[in-house]
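To start, the structure itself, in structure tokens.
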Amino acid sequence: MHFRFDRLVKALLRKALSTLGEVGTEVEVAVDAQRIDVLFHPRPLNTRPLFDLGLLGRMAATPCLFEVFRDPPRVEQRRDALRKLLSWHHLELHPPAKRSPFA
């Protein structure tokens, strides 16, 4: 049952945020194969959204991720979400070196 809610919220976030930039869903985080529910990278500032997204638009002013919860998240869920955020942030700042296929 909660999977339908997750899909709905992810689809709504994708639709709303796609007017502002690039949106990815179910994005894998390299540590322990964690997955980010919604990853967002805004377009350059010269583009304007079709309509005001209010708080969501302000939250999406910079690259960010969204984790979807049907009920208030438990302590373990909050820790997992924070771990994903920190792992993603680390990879954004320190992308893995591209390896030659001949190495």
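Counting begins at 1 with the first residue of the sequence. In what follows, every heavy atom counts, from backbone to side chain, and hydrogens, waters and symmetry copies are set aside.
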**Asked** Phe66 and side chain to side chain contact (heavy atoms under 4.5 Å, CB included): which partner among Val9, Leu13, Ile36?
**Response**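 Of the listed residues Val9, Leu13, Ile36, the side chain to side chain contact (heavy atoms under 4.5 Å, CB included) partner of Phe66 is Leu13.
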**Request:** Identify the residue among Glu92, Lys84, His90 that makes a side chain to side chain contact (heavy atoms under 4.5 Å, CB included) with Trp88.
**Result:**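 Answer to the side chain to side chain contact (heavy atoms under 4.5 Å, CB included) test with Trp88 among Glu92, Lys84, His90: Glu92.
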Close side-chain approach of [X] and [Y], heavy atoms under 4.5 Å:
{"X": "Arg14", "Y": "Thr25", "result": "yes"}
{"X": "Phe69", "Y": "Gln77", "result": "yes"}
{"X": "Val23", "Y": "Val38", "result": "yes"}

Could you state the interatomic distance from [atom1] ([X]) to [atom2] ([Y]), rounded to the nearest 0.5 Å?
{"X": "Asp6", "Y": "Glu67", "atom1": "CG", "atom2": "CD", "value": "9.5 Å"}
{"X": "Arg83", "Y": "Asp80", "atom1": "CZ", "atom2": "CG", "value": "5.0 Å"}
{"X": "Leu39", "Y": "Leu17", "atom1": "CG", "atom2": "CG", "value": "10.5 Å"}
{"X": "Asp37", "Y": "Leu65", "atom1": "CG", "atom2": "CG", "value": "9.0 Å"}

Non-hydrogen atoms of [X] and [Y] that approach each other most closely:
{"X": "Leu56", "Y": "Ala16", "value": "CD2-CB, 3.9 Å"}
{"X": "Pro63", "Y": "Pro42", "value": "N-CD, 3.6 Å"}
{"X": "Cys64", "Y": "Ala60", "value": "SG-CA, 4.0 Å"}

**Enclosure of Glu26 CD (heavy-atom neighbours >12, cutoff 6.0 Å)** =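 Yes, CD of Glu26 has more than 12 neighbouring heavy atoms, counting only those of other groups under 6.0 Å.
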**Prompt:** Side-chain heavy atoms under 4.5 angstrom apart, residues restricted to Ile, Leu, Val, Met, Phe, Trp, Tyr: same cluster for Val27 and Leu86?
**Reply:**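 Both belong to a single hydrophobic cluster.
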**Asked** Does one hydrophobic cluster hold both Phe40 and Leu55, with members joined at side-chain heavy-atom distances below 4.5 Å?
**Response**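 Phe40 clusters together with Leu55.
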**Message:** Any side-chain to backbone donor/acceptor pair from Arg43 onto Thr19? Under 3.5 Å, distance only.
**Reply:**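 Present.
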**Message:** Strictly distance-based, threshold 3.5 Å: is any side-chain N or O of Arg78 a donor or acceptor partner for the main-chain N or O of Pro73?
**Reply:**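 A pair under 3.5 Å: yes.
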